[in-house]
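Notes follow the structure.
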Amino acid sequence: MSNRVPADQDAGGRGLLFIVSAPSGTGKTTLVERLVQRVPDLQMSRSYTSRVARAGERDSVDYNFISRDRFDAMIREGAFLEWADVFGNYYGTAAADTDALLVAGKDVVLVIDVQGARQVRTRGIETVGIFVLPPSAEVLEQRLRGRSKDSEEQMRRRLDVACREVSDFVQYEYVVVNDELETAVSRLEAIVLAERGRVKVMRHRAETIIGTFRRKRSETDGKST
Ligand code: 5GP
């Protein structure tokens with residue numbers, strides 16, 4: 001059970017915005033998919049991308065797959081909370097989609113790269129950043145080779161980018177090492193639940209409870225006079 005009451009019953013309002021970034025091949029999407037299955041009222045935001053769907057990927061499920069022209073138009077319209085060119089394809093989070101979920105009181109997870117995370121922070125939006133690390137560069141290389149959907153050159157490129165990106169972890173609030181899947185999911189879950197327990201999040205519910213104590217005290221005071 002989560003500490004906080006379900007979001008729609010909590011007049012405290014807006015949900016929390018989590019950002020999860022990690023080098024390609026760290027397994028962050030799988031981790032976050034498991035996380036949202038475990039934790040109620042937590043949703044993964046669906047990104048837009050100009051890349052073509054891979055075998056097994058579905059439009060409006062894995063991504064909103066759109067053309068490069070449509071992506072450019074959305075940039076011009078200012079539709080993106082953040083967007084980035086990752087390995088030659090464009091990826092972005094639609095501001096309206098995220099906002100609708102947050103306003104409905106849902107907590108939202110953006111699974112985005114370090115460039116996108118920087119943009120969200122520069123906008124001064126309150127976020128909880130979680131950086132997922134593989135146990136080592138060697139393990140990441142093995143994982144990238146293992147999934148074999150990339151050519152040797154693409155894999156080298158992913159490793160090069162990873163080497164540069166990992167030092168960004170200091171910009172985030174939390175680090176989770178993905179050494180074992182279920183353990184890493186539990187670490188993510190612990191972070192989400194801890195953030196939901198913060199006074200600023202719990203204030204409304206706490207005030208309601210405090211109100212019952214105030215009423216109790218005035219009843220008792222009334223009886224004793
Ligand atoms: P893939 O093509 O393997 O699904 O994703 C490639 C990379 O794009 C991943 O590192 C992923 O985090 C990043 N990515 C996916 N969606 C978004 C997004 O909306 N914004 C940004 N900035 N990066 C994204």
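The first residue in the sequence is number 1, and the count goes up from there. Indexing begins at 1, ligand by ligand and atom by atom, following the structure's order. Heavy-atom basis, side chains included; hydrogens, waters and symmetry copies ignored.
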Examine ligand 1 and decide if any of its atoms is less than 4.0 Å from a heavy atom belonging to Q119.
-> no
Only heavy atoms count here, so choose which of R54, R118, K28 is nearest to atom 3 (O) of ligand 1.
-> R54
Please could you name the atoms of ligand 1 that A84 approaches to less than 4.0 Å, counting only its heavy atoms?
-> 22 (N)
Answer yes when R145 and E152 have at least one side-chain N-carboxylate O distance shorter than 4.0 Å, and no when they do not.
-> yes
Search all heavy atoms of F65 against all heavy atoms of E57 and return the closest pair with its distance.
-> CZ-OE1, 3.4 Å
Is the NZ or CZ atom of R51 positioned over F71's six-membered ring, under 6.0 angstrom from the centre and within 45° of the axis?
-> no
Kindly confirm or rule out an N or O of G92 lying under 3.5 angstrom from an N or O of ligand 1.
-> yes
Looking at G116, S47, S24, the heavy atom closest to atom 18 (C) of ligand 1 belongs to S47
Counting only N and O atoms by type, is there a donor-acceptor contact under 3.5 Å from the side chain of T26 to the main-chain atoms of A22?
-> no
Verify the ring-centre separation between Y91 and Y63: is it less than 6.0 angstrom?
-> yes
Any idea which of Y48, W83, Y90, Y63 brings a heavy atom closest to atom 1 (P) of ligand 1?
-> Y63
Flag E82 as yes when one of its N or O atoms lies below 3.5 Å from any N or O atom of ligand 1, and as no otherwise.
-> yes
Counting distance only, does the side-chain N/O of R158 pair as donor-acceptor with the main-chain N or O of G25 below 3.5 Å?
-> no
With a 4.0 Å heavy-atom cut-off (strictly under), which part of T93 contacts ligand 1: side chain, backbone, both or neither?
-> both
